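Here the structure is laid out as structure tokens; the discussion comes afterwards.
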Amino acid sequence: MRFFNTGVWLRRMRGALLILVFISAFLYIFSLNFRTSNKMDVLQRSVTETVSLPIRLFGRLFSSLEQYFKDYIWLKNLRGENESLKREIAELQSRVTSYQEAYVENQRLRRLLDFKTSTMAETIPAQVIVHDLTGWFQTLMVDKGFRDGIASDMPVVNDEGVIGHVLDVSDRYSRVLLITDQGSAVDAIDQRNRVRGILCGKDANGCLLKYIRGNLDIKEGDLVITSGKDGIYPKGLRLGVVHAIYKDPVDLFQKIDVKPLVRLSALEEVLIIKRVGAGLGVEEEDRPAAAQPEAQSQIQANPAAQPHAGPATKPVAKALAKPPAKPPAQTTSKAKPQLKPQTQTNPKSRPQGQTKQQNRPREKSQTAPQGQAKPKPKVD
Amino acid sequence: MKMIASGSLTPGITAGRIIKTTLYSLFLLVLQAHLIPRLPYPALRVDLLIPLMFAIGVEWPPLAGVLWAGFWGFVVDNFSGEFWGLHVGSYTITVCLVNMASERFDWRNPAYQMGLVGLCALGQSIAIGLFLSFVPMDVPELTSIWLGLGIRTLLSVTIAPFLIYPMLNPRNTI
């Protein structure tokens with residue numbers, strides 16, 4: 001009787017085994033398309049952790065080369081640019097002065113109404129490592145991961161507005177899905193009249209605001225902000241500006257093109273808003289003392305000021321490492337437009353009852369825990 | 001597959017060639033990561049690694065080439081984060097096609113190089129186009145996507161010989 005020779009058997013079955021291995025590997029890779037966003041698996045993590053480092057190093061080299069060319073070769077445009085920048089600075093300085101006035105007024109009104117800040121959340125600054133390699137999808141990789149406390153579905157913003165949310169997390173890196181990706185959907189409202197819709201990605205340059213009925217009043221230039229009702233993004237973050245509106249008489253909904261406020265193709269640093277517990281907001285008492293020197297200086301300047309009277313976006317603006325020498329009003333003036341949705345909640349701002357048409361009945365119960373309009377019995 | 005199964009993993013591959021190929025692959029990956037997404041028009045966003053896989057298919061044994069293609073495909077898929085399997089599939093198919101047709105064509109001829117890379121880039125572009133078309137969109141948008149993908153394919157064809165040339169071993173003349 002012949003002995004069963006494993007070596008011979010393996011050689012004979014080599015082709016079949018290889019086919020099996022290749023099919024299994026491809027099925028595994030293809031199955032990644034259908035998984036829910038979560039922490040990356042071992043294979044993805046190892047590839048991400050290993051290859052990110054050389055990509056990052058080469059990226060720095062490229063950046064320095066690019067900077068060299070910008071500095072020394074394009075010098076001829078510098079004089080004209082300098083003049084225009086000087087003019088712009090003068091204009092901006094006057095605008096900052098008016099913003100400071102508005103900021104102080106806003107603080108006073110806020111104290112009177114005792115509005116609680118809804119987006120007062122801890123943020124983690126991160127650096128963009130690489131954008132989508134193919135250039136056809138809207139994702140990017142940042143240098144903060146599971147070890148830094150990042151989890152999937154955390155909102156990613158910068159001082160200009162919303163960038164996207166965390167899709168997958170590795171140990172030291174995370175993948176971010178941009179709001180312009182076709183797979184992205186953000187619950188959004190028009191800041192002017194509180195009309196609610198879903199902001200979906202269209203292409204690298206824009207988004208679509210969907211499910212806005214044809215008879216509702218949307219205008220070009222309207223600011224679109226997050227509604228805070230999708231469970232990912234805090235309320236009042238700037239998403240984009242209405243760029244174009246197409247109304248089809250036979251269509252129930254109008255087609256609204258929204259241009260993101262953030263230049264997503266030129267991102268370098270981002271802020272990841274860390275969720276705390278089930279809610280998105282962080283109570284003022286929970287914030288670390290180092291995160292609120294501005295609020296403290298405000299209190300010192302005006303003892304009547306209450307600790308939770310700061311603007312919602314103050315930590316976001318602070319975590320961008322602004323120069324400490326800047327006056328506080330300048331730091332916060334950039335984020336002022338985000339405060340508008342909260343300050344424009346008077347009945348006049350929604351005269352056509354559009355919010356009632358759009359919002360579901362549970363809206364009230366959802367907005368209540370965020371503490372937007374908690375009346376205060378005593379106001380100094 | 002039979003051809004890959006009958007091939008050996010390592011003959012003809014020296015340490016120097018592995019290092020050279022690794023560095024060249026890494027260089028192209030870095031270019032792909034830092035240069036291609038910055039290009040202003042989607043039509044210019046070509047895949048630089050398809051010509052590399054062509055060269056791998058020519059120079060390396062079939063099995064090693066397929067493994068190499070699978071690895072770099074997974075790397076690109078991983079940094080892309082969407083449509084998993086697109087790059088693994090396209091790179092692997094490129095290597096397989098090169099090996100299958102290597103007896104009929106002289107792959108040192110740039111015309112053949114452009115032809116096969118064009119074919120693979122066309123397949124990849126069609127896959128991307130179909131993936132992007134899942135989301136309902138207007139005819140002009142759809143047309144612009146497909147037009148961009150078409151131009152991308154043509155651009156891939158044009159640059160293919162330049163990317164393949166550094167990888168081809170001059171001693172392996174037929």
Side-chain angles (χ1 to χ4, degrees), chain A residues 13-19 22 25-35 40 43-45 47-48 50-52 54-59 61-63 66 129-141 167-168 170 175-177 181-183 200-204 208 246 255 265-266, chain B residues 1-6 26-27 29-49 63 66-67 70-89 92 124-125 128-129 131-135 137-138 141 144-145 148-149 152:
Chain A
M13 296 297 288
R14 192 175 168 183
L17 277 174
L18 272 172
I19 290 169
F22 282 132
F26 193 76
L27 279 178
Y28 155 72
I29 293 164
F30 198 68
S31 73
L32 294 172
N33 285 306
F34 308 104
R35 83 212 184 289
M40 294 177 191
L43 204 56
Q44 291 180 59
R45 277 212 304 276
V47 167
T48 306
T50 317
V51 186
S52 286
I55 286 182
R56 206 174 166 183
L57 291 175
F58 275 100
L61 188 71
F62 274 28
S63 299
E66 190 185 0
I129 303 288
V130 61
H131 287 254
D132 163 43
L133 288 189
T134 59
W136 287 88
F137 309 118
Q138 309 304 320
T139 57
L140 51 87
M141 203 71 100
L167 192 65
D168 298 307
S170 173
R175 186 179 298 128
V176 176
L177 186 75
D181 188 272
Q182 290 182 345
C200 298
K202 191 180 78 175
D203 53 31
L208 281 176
Y246 306 98
K255 188 185 161 193
S265 57
Chain B
M1 190 53 77
K2 194 178 174 184
M3 170 196 62
I4 292 167
S6 60
L26 205 58
F27 170 72
L29 184 79
V30 169
L31 270 188
Q32 183 82 39
H34 291 288
L35 188 72
I36 301 298
R38 285 186 182 192
L39 296 174
Y41 302 107
L44 302 177
R45 293 169 193 162
V46 293
D47 193 336
L48 302 178
L49 274 80
L63 183 56
V66 167
L67 289 177
F71 170 73
W72 287 102
F74 186 73
V75 169
V76 178
D77 274 342
N78 191 54
F79 281 98
S80 177
E82 282 198 50
F83 198 3
W84 288 88
L86 170 73
H87 296 95
V88 173
T92 312
Q124 198 188 45
S125 297
I128 292 175
F131 181 79
L132 295 175
S133 307
F134 278 137
V135 178
M137 56 179 78
D138 296 340
E141 291 167 4
S144 108
I145 286 179
L149 287 166
R152 169 190 190 267

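Here the structure is a predicted model, which is why all the values come from computation and not from measurement. Naming convention: chains lettered A, B, ... in sequence-line order (proteins, then strands); numbering from 1 in each chain.
Between the side chain of Arg152(B) and the main chain of Arg45(B), a donor-acceptor pair closer than 3.5 Å is present.
The candidate from Leu26(B), Leu48(B), Asn78(B), Ile145(B) with the greatest count of non-hydrogen atom pairs under 4.5 Å with chain A is Asn78(B). Contact count against chain B (heavy-atom pairs under 4.5 Å) is highest for Arg175(A) among Lys255(A), Arg175(A), Lys202(A). Highest contact tally toward chain B, considering only Ser52(A), Ala204(A), Ala266(A), Gly183(A), is held by Ser52(A) [criterion: heavy-atom pairs under 4.5 Å].
Across all their heavy atoms, Thr139(A) and Ser80(B) have their closest contact at OG1-O, 2.7 Å.
In this structure, the portions of Phe30(A) lying under 4.5 Å from any heavy atom of chain B include both its backbone and its side chain. At a 4.5 Å heavy-atom cutoff, Asp47(B) makes no contact with chain A through either its backbone or its side chain. Heavy atoms closer than 4.5 Å to chain B are found in the side chain of Val130(A), but not in its backbone. For Tyr28(A), the part lying near chain B is the side chain, with the backbone staying farther off; criterion is any non-hydrogen pair under 4.5 Å. No part of Asp203(A) comes within reach of chain B, as not one of its non-hydrogen atoms sits under 4.5 angstrom from that chain. Residue Ser31(A): no heavy atom, backbone or side chain, is found under 4.5 Å from chain B. For chain A, the nearby parts of Leu132(B) are the backbone and the side chain; heavy atoms of each come within less than 4.5 Å. Using a 4.5 Å cut-off between heavy atoms, Leu43(A) touches chain B through backbone and side chain atoms alike. With a 4.5 Å cut-off on non-hydrogen atoms, Ser265(A) does not touch chain B at all.
Note on residues 71-80 of chain B: no pairs pass salt bridge (Lys or Arg N to Asp or Glu O under 4.0 Å), not counting sequence neighbours.
Looking at Ile55(A) and Phe79(B), their side chains come closer than 4.5 Å, going by heavy atoms from C-beta outward. Between Leu49(B) and Gln32(B) there is a side-chain heavy-atom pair separated by less than 4.5 Å. Side-chain atoms of Glu82(B) and Thr134(A), non-hydrogen and from C-beta on, never get closer than 4.5 Å to each other.
Just one of Leu149(B), Leu86(B), Ile36(B) meets the side chain to side chain contact (heavy atoms under 4.5 Å, CB included) condition when paired with Trp136(A); it is Leu149(B).
In the displayed structure, Phe27(B) atom CZ is contacted under 6.0 Å by at most 12 heavy atoms of other residues, nucleotides or ligands.
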